[in-house]
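Both backbone and side-chain heavy atoms feed into the values below; hydrogens, waters and symmetry mates do not. Just follow the structure's listing: the first ligand is 1, and inside any ligand the first atom is 1.
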Amino acid sequence: MDYAATGQAAQARIAAAQDLESVERLRIELLGKQGSISALLKTLGAMSPDQRQAQGPQIQALREGVTAALADRKAALEGAALEARLAAEQLDLTLPAPDLPKGSVHPVSQVMDELAEIFADMGFAVASGPEIEDDWHNFTALNMPESHPARAMHDTFYFPDAAPNGGRMVLRTHTSPVQIRTMLAEGAPLRIIAPGRVYRSDSDATHTPMFHQVEGLVIDKGIHLGHLKWTLETFLKAFFEREDIVLRLRPSYFPFTEPSVEVDVGFALVKGKRVLGGSGDAPDHGWMELLGSGMVNRTVIEFGGLDPDEWQGFAFGIGVDRLAMLKYGMDDLRAFFDGDQRWLAHYGFSALDVPTLSAGVGTPA
Ligand code: DAH
């Protein structure tokens, strides 16, 4: 057999390979396990010593030559590919910069991030629940049985579908059902906030059919109203970034808390505008209702699968849109959901403006 000729033929084919896959196919065909040159090497075993001495070096030379040719061709093709890419990827630094991205973070999203940041610092996790809720979680387990008059105050959107656990499916009217879901899923102790969308069939300058709430829930042993007041005060001072926030707790009624308190915050009238801070009883000051809260009703703790003799807690619910309006000075709630580019550009936040306690939770750079 003319090994030199075999070698030349192989080298010619390698030199003609136009891409890396062809080179690889040739490598397998020639040097692979079933390759033709590998087969030649196997013939050495059956040869006489003389034959082997004469042909062995020739076959080895053939194999080495082909191996080197494959490596060279591969390197050449790779080099050419790199050259082509470098040529195509030219960057002209003298061109004008591209337009800045137009998107912005909606104030509601920003405020929710601020809430999560402030409450995380107090050991609260963020919990969530479905916006399409069943009657039981939205009402019954929150101590509002079927005939309860408080149900009527919620202007509920009902689905035609029956809920698996009785009643009908609803668009949740508040974030409070997340209290029940979290107690059932995680037991006690608990410290959570649950921000999210809620829905009520109501629409005017201060009400939209969809709005946002944040629910708070603490379940532990020996929890009392003092914990609630401290938590709300600490949160509101951090959120509004002022130390002179003064709260007034007023007795109230919610089915899911007992006792229930409504929390007012003191404001000052400065040139006719309400500025939060100071006691509402001072001259030129007033009180503004901010949120509902209270000690979690024993019945609700039971519906959450816990023993109310062992576990107590407090809960609160705040309108997130309202918080955003108070902090960032918008006066029409409906504009929040119009999707007007000018409003969004004005009141929106940069995606890089991530609220942190160290850098400030709300003063845009
Ligand atoms: N769920 C109430 C509402 O939507 C707000 C609320 C009041 C939540 C008192 C609470 C609470 O957790 O304790 O009007």
[atom]: nearest protein contact (heavy atom, Å):
{"atom": "atom 3 (C) of ligand 1", "answer": "Arg200 NH2, 3.5 Å"}
{"atom": "atom 2 (C) of ligand 1", "answer": "Phe256 CZ, 3.7 Å"}
{"atom": "atom 12 (O) of ligand 1", "answer": "Glu215 OE2, 2.6 Å"}

Mark up the atoms of ligand 1 that fall under 4.0 Å of a heavy atom belonging to [X], in ascending order.
{"X": "Gly317", "answer": "6 (C), 8 (C), 10 (C), 12 (O)"}
{"X": "Phe254", "answer": "7 (C), 9 (C)"}
{"X": "Gly292", "answer": "7 (C), 9 (C), 11 (C)"}
{"X": "Gln179", "answer": "12 (O)"}
{"X": "Gly294", "answer": "13 (O)"}
{"X": "Thr257", "answer": "13 (O)"}
{"X": "Ser176", "answer": "1 (N), 8 (C)"}

Do Tyr328 and His346 pass the ring-ring contact (aromatic ring centres under 6.0 Å, His included) test, and can you show the C-alpha distance, the side-chain angles, and the key distance before you say yes or no? CA-CA 11 Å; Tyr328 295 114; His346 183 79; over 10 Å; no
So, taking the atom named CZ in Arg197 and the one named OG1 in Thr175, what distance separates them when rounded to the nearest 0.5 Å?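 It is 13.5 Å, given to the nearest 0.5 Å.
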Assess, by modelled atom type and distance only, whether the side chains of Asp50 and Ser48 contain a donor and an acceptor separated by less than 3.5 Å.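 Note: Asp50 and Ser48 side chains miss the donor-acceptor criterion.
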Using the salt bridge (charged side-chain N to carboxylate O under 4.0 Å, His left out) rule, take Lys74 and Glu24 through it: C-alpha gap first, then chi angles, then the decisive distance, then the call. CA-CA 9 Å; Lys74 191 169 169 214; Glu24 177 61 8; over 6 Å; no
Tell me which one of Val246, Leu326, Ile245 satisfies side chain to side chain contact (heavy atoms under 4.5 Å, CB included) with Val265.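 In the set Val246, Leu326, Ile245, the residue that makes a side chain to side chain contact (heavy atoms under 4.5 Å, CB included) with Val265 is Ile245.
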Do Arg168's NZ or CZ and the ring of Phe159 fall within the cation-pi criteria of under 6.0 Å and 45°?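 Geometry flag: not set, cation outside 6.0 Å or 45°.
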Please determine if Arg200 and Asp202 form a salt bridge, counting it only when a charged side-chain N lies under 4.0 Å from a carboxylate O.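 Looking at Arg200 and Asp202, the cut-off is not met.
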Would one find an N or O of Ala315, backbone or side chain, under 3.5 Å from an N or O of ligand 1?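 Between Ala315 and ligand 1, an N or O pair is found under 3.5 Å apart.
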Please confirm whether Gln213 comes under 4.0 Å of ligand 1, counting heavy atoms of the residue only.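 Yes, Gln213 has heavy atoms under 4.0 Å from ligand 1.
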Hydrophobic cluster membership, Val218 vs Met183, 4.5 Å side-chain cutoff: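 No, because Val218 and Met183 fall into different hydrophobic clusters, even though each may have its own neighbours under 4.5 Å.
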